[in-house]
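Order of the sequence lines fixes the chain letters, A, B, ..., with proteins taken first and strands second; residue numbering starts at 1 for each chain.
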Number of protein chains: 2
Amino acid sequence: MVGIKDVARRAGVSIGTVSNVVNRPHLVSEATRTRVLSVIQELGYVRDESARQLRAGRSRIMALLVLDLGNPFFVDVARGAEQAAHGAGLSVITCNSGQRVDTEAAYLAMLAEQRVRGVLLSTVDTEGEGLDRFRRSGIPHVFVDRKVPGDQACSVSVDDVAGGELAMRHLVEAGHTRIAFVNGPTVLTQCRDRQAGVDAALASAPPPQRHLSVLDATGLDVASGRDAGARLLGMSPRPTAVFCANDLLALGVLQAMVTAGVRVPEEMAIVGYDDIEFAGAAAVPLTSVRQPAVRLGRTAAELLIAETESTGEERQHEHRTVVFTPELVVRDSTRVRRG
Amino acid sequence: MVGIKDVARRAGVSIGTVSNVVNRPHLVSEATRTRVLSVIQELGYVRDESARQLRAGRSRIMALLVLDLGNPFFVDVARGAEQAAHGAGLSVITCNSGQRVDTEAAYLAMLAEQRVRGVLLSTVDTEGEGLDRFRRSGIPHVFVDRKVPGDQACSVSVDDVAGGELAMRHLVEAGHTRIAFVNGPTVLTQCRDRQAGVDAALASAPPPQRHLSVLDATGLDVASGRDAGARLLGMSPRPTAVFCANDLLALGVLQAMVTAGVRVPEEMAIVGYDDIEFAGAAAVPLTSVRQPAVRLGRTAAELLIAETESTGEERQHEHRTVVFTPELVVRDSTRVRRG
DNA sequence: ACAGATTCATGAAACGTTTCAGAAGAGCCG
DNA sequence: CGGCTCTTCTGAAACGTTTCATGAATCTGT
């Protein structure tokens with residue numbers, strides 16, 4: 001593999017000069033610069049980033065570790081992060097843990113060894129071994145979609161308690177009294193918070209008393225939603241409304257209802273969460289709690305960039321905690337149609 | 001930042017020994033090994049991968065460069081690739097070009113500088129500057145979802161011509177004579193091939209003559225599909241069936257139809273492509289051409305691993321070209337319902 | 001007790017860059 | 001012409017690992 005030495009020899013200059021041509025072209029005379037560049041072209045020289053990084057000390061890569069790329073919500077987060085990162089001349093690499101703690105830990109270890117410039121974290125783990133070790137590695141990081149005490153790290157999130165409340169209040173106000181909540185794995189703070197919102201909404205609701213059934217789904221995907229839907233169908237008395245922790249779950253529940261011939265929303269109202277693009281295109285367009293996903297990713301990346309820059313120059317970095325507010329988007333799945 | 005030296009000093013051994021503890025533990029006595037490990041633990045030492053890679057010569061990262069993560073098809077491809085890569089002890093990083101040629105070129109350059117172990121390529125570019133330079137860098141790579149002559153590189157793809165033919169023949173057999181084809185950007189070979197399949201199906205169809213309108217969408221996403229749907233609605237005489245190069249386009253077209261009150265499939269039959277999970281959950285479940293996405297990714301990664309291993313030991317590597325066959329999944333969007 | 005194996009630890013070279021102090025030459029001023 | 005400054009280039013020292021030849025110490029069998 002051709003290295004900087006080969007270029008130097010061939011162009012009849014020192015390796016320092018070649019390096020300057022690549023990194024600080026203004027320090028090199030027009031003549032030598034073009035000569036060196038043409039040799040680089042000719043030999044197909046590609047700088048070895050590991051050597052560069054070893055010496056220069058910093059990487060130009062920002063990583064994004066997400067819970068599940070199968071959820072379009074996180075794809076939007078990634079989009080936002082890329083916008084901001086590219087603006088700052090950084091490349092973004094995405095790592096998908098698929099909500100597996102061990103995969104997540106493996107990625108965290110890899111990113112730490114890689115000495116990435118910074119990492120955007122959306123992890124399952126909140127205080128396990130893997131995450132802990134990573135945090136001690138000293139690599140700048142920002143939590144995405146999880147609120148974290150401001151003295152520990154920056155974080156950008158959406159108020160999940162408020163979101164859960166929004167959804168449940170909507171169902172309560174529509175007059176439902178037997179309501180189900182299909183929650184995802186409660187190891188996820190998002191799921192716990194949304195449930196807290198649900199509970200709060202019910203606690204503050206005016207009489208009469210509502211009955212809430214909580215169904216725990218095994219995952220946050222469409223298949224788990226179908227399972228939950230089947231269980232829902234078997235209940236008696238059957239709830240008349242269901243709030244799902246996630247649009248994917250909601251889509252699965254919806255499929256189960258459609259297949260079983262249960263009319264939505266007349267016999268079963270459904271509310272999802274995230275307002276992914278496919279929610280509005282579903283068999284029955286889904287009412288959902290919208291989160292500003294792209295903005296979440298962009299803001300997180302901006303915070304991360306600010307942090308990596310500040311730690312270099314000033315001594316101090318003040319962690320920031322940004323919390324966005326979710327918004328309810330009402331569609332047919334909870335709206336009894338006229339006519 | 002704590003390095004191998006610090007560990008060595010603190011444990012009272014040489015740096016070579018520390019390295020052995022980490023990489024070839026069997027060469028180190030039980031006693032020193034545990035002592036060194038506990039120091040590593042205590043100091044929170046994390047190996048610097050750039051130094052390691054510089055010396056050891058090879059990375060342990062496989063990259064996947066995809067056209068568009070917003071398309072669940074590619075997320076499935078990524079899933080498959082991860083399965084195979086993890087099996088071989090490699091980490092996968094995903095880079096999303098979003099179909100922008102310049103972003104793509106930037107990622108390719110980054111991956112080359114990074115001296116990644118290998119790259120799975122799903123690019124817009126087929127013979128541009130960026131891709132060319134990357135290929136000359138000598139990093140092993142396998143083309144995913146694009147067939148490439150076997151003397152150039154390995155590739156794993158699905159027969160897009162056959163897929164296009166499958167879809168169009170289905171519409172012809174259902175008796176449609178005014179048919180539209182909503183195609184994506186024709187810079188993509190996938191789109192060109194699917195169109196070729198469409199043409200072939202029409203050419204070989206028995207009389208009467210069919211009329212085909214080709215609409216070029218600006219992207220391969222839902223929004224572009226809505227645009228195309230609007231154009232479709234404005235045509236007169238309006239086609240009675242439409243085949244979309246992509247499920248996302250199809251979902252957009254479907255939305256436009258539903259919004260305009262055009263009944264699907266009675267007034268407008270729709271066929272999509274990819275059979276993403278959301279296709280079956282759509283307002284009207286979509287007929288679609290299914291591709292084995294996960295298998296595509298897995299096979300490609302396996303080929304890549306084989307290539308990286310063979311070039312090390314033997315001198316020869318025989319490029320392989322794998323082509324899968326797509327399959328038509330018929331759903332309500334083309335099936336006139338009984339009753 | 002001794003040669004030969006075996007086990008374990010060491011020290012230094014190498015990997016391909018970046019960076020920096022300084023040399024060489026050119027241009028300018030008095 | 002001597003002393004400046006400027007521009008341009010050089011050579012060597014780092015960066016933090018891995019790896020390998022070498023050496024010291026212990027074990028094995030006779």
Side-chain angles (χ1 to χ4, degrees), chain A residues 1-37 39-40 43-61 109-110 112-117 137-139 312, chain B residues 1-37 39-40 43-61 109-110 112-117 137-139 312:
Chain A
M1 180 137 287
V2 28
I4 205 174
K5 279 192 259 224
D6 306 300
V7 176
R9 192 173 334 119
R10 176 91 160 171
V13 295
S14 73
I15 61 172
T17 301
V18 177
S19 176
N20 279 337
V21 168
V22 175
N23 302 302
R24 301 130 78 179
H26 59 280
L27 292 183
V28 176
S29 73
E30 174 76 23
T32 36
R33 195 188 329 147
T34 56
R35 182 156 40 99
V36 170
L37 282 175
V39 172
I40 286 181
L43 297 182
Y45 164 71
V46 177
R47 166 173 60 199
D48 185 321
E49 175 68 17
S50 49
R52 159 179 217 283
Q53 184 176 328
L54 173 59
R55 174 62 230 220
R58 62 199 316 216
S59 153
R60 292 130 118 212
I61 293 182
M110 184 270 275
E113 293 193 344
Q114 212 73 224
R115 302 282 197 273
V116 189
R117 182 76 141 270
S137 80
I139 292 187
Chain B
M1 180 138 283
V2 29
I4 205 174
K5 279 194 258 228
D6 305 299
V7 175
R9 192 172 335 117
R10 175 93 163 173
V13 296
S14 73
I15 60 172
T17 301
V18 177
S19 175
N20 280 337
V21 168
V22 176
N23 302 302
R24 300 130 78 181
H26 59 280
L27 292 184
V28 175
S29 74
E30 175 76 25
T32 35
R33 195 189 329 150
T34 56
R35 183 156 39 98
V36 169
L37 283 175
V39 172
I40 285 180
L43 266 40
Y45 164 70
V46 177
R47 165 175 59 199
D48 185 321
E49 175 68 17
S50 50
R52 160 179 216 284
Q53 185 177 326
L54 173 59
R55 173 63 228 220
R58 63 199 313 214
S59 155
R60 293 131 117 209
I61 292 181
M110 184 271 274
E113 293 192 344
Q114 213 72 222
R115 301 283 197 271
V116 196
R117 183 75 142 271
S137 81
I139 293 186

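- Nearest heavy atoms, B:V46 versus A:S137: CG2-CB, 4.3 Å.
- A heavy atom closer than 4.0 Å to some atom of DNA chain D occurs in A:L54, A:R55, these being the qualifying members of residues 45-58 of chain A.
- Looking at heavy atoms from C-beta onward, A:R52 lies in side-chain contact with A:E49 at the 4.5 angstrom threshold.
- The two residues B:V39 and B:A11 have their closest heavy-atom pair at CG2-CB, 3.8 Å.
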Worksheet entry | Stepwise side chain to side chain contact (heavy atoms under 4.5 Å, CB included) test for B:V36 and B:V13 | CA-CA 8 Å; B:V36 169; B:V13 296; 4.1 Å; yes
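- Between B:R10 and B:V2, the closest side-chain pair of non-hydrogen atoms is not below 4.5 Å.
- Here the closest heavy-atom approach between residue B:R47 and residue B:V22 is recorded as NH1-CG1, 3.7 Å.
- Between A:I4 and A:Y45, the closest heavy-atom pair is N-CE1, 3.5 Å.
- With sequence neighbours left out, A:R35 forms a salt bridge (Lys or Arg N to Asp or Glu O under 4.0 Å) with no residue at all.
- Considering every non-hydrogen atom in both A:V7 and A:I40, the closest pair reads CG1-CG1, 3.8 Å.
- Scanning DNA chain C 5' to 3' for nucleotides with an atom closer than 4.0 angstrom to a non-hydrogen atom of chain B gives a first and last hit of C:dC8 to C:dG16.
- Of the possible donor and acceptor atoms, none in the side chain of A:R24 sits under 3.5 Å from a partner among the backbone N and O of A:V21.
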Side-chain donor-acceptor contacts of residues 54-61 of chain A below 3.5 Å, not counting sequence neighbours, with atom names and distances?
| unit_1 | atom_1 | unit_2 | atom_2 | d |
| --- | --- | --- | --- | --- |
| A:S59 | OG | A:I61 | N | 2.9 |

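- Rounded to 10 degrees, the angle between the two end axes of the helix from C:dA1-D:dT30 to C:dG30-D:dC1 is 40°, with five pairs used at each end.
- When heavy atoms are screened at a 4.0 angstrom cut-off, A:G16 is found touching base atoms of the nucleic acid.
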Listing time: all N or O pairs from protein to nucleotides 5-9 of chain D that are below 3.5 Å?
| unit_1 | atom_1 | unit_2 | atom_2 | d |
| --- | --- | --- | --- | --- |
| D:dC9 | OP1 | A:S29 | OG | 3.1 |
| D:dC9 | OP1 | A:T32 | OG1 | 2.8 |
| D:dC9 | OP2 | A:S29 | N | 3.0 |
| D:dC9 | OP2 | A:T32 | OG1 | 3.1 |

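- The 12-atom threshold is exceeded at CZ of B:R33, counting heavy atoms of other residues, nucleotides or ligands nearer than 6.0 Å.
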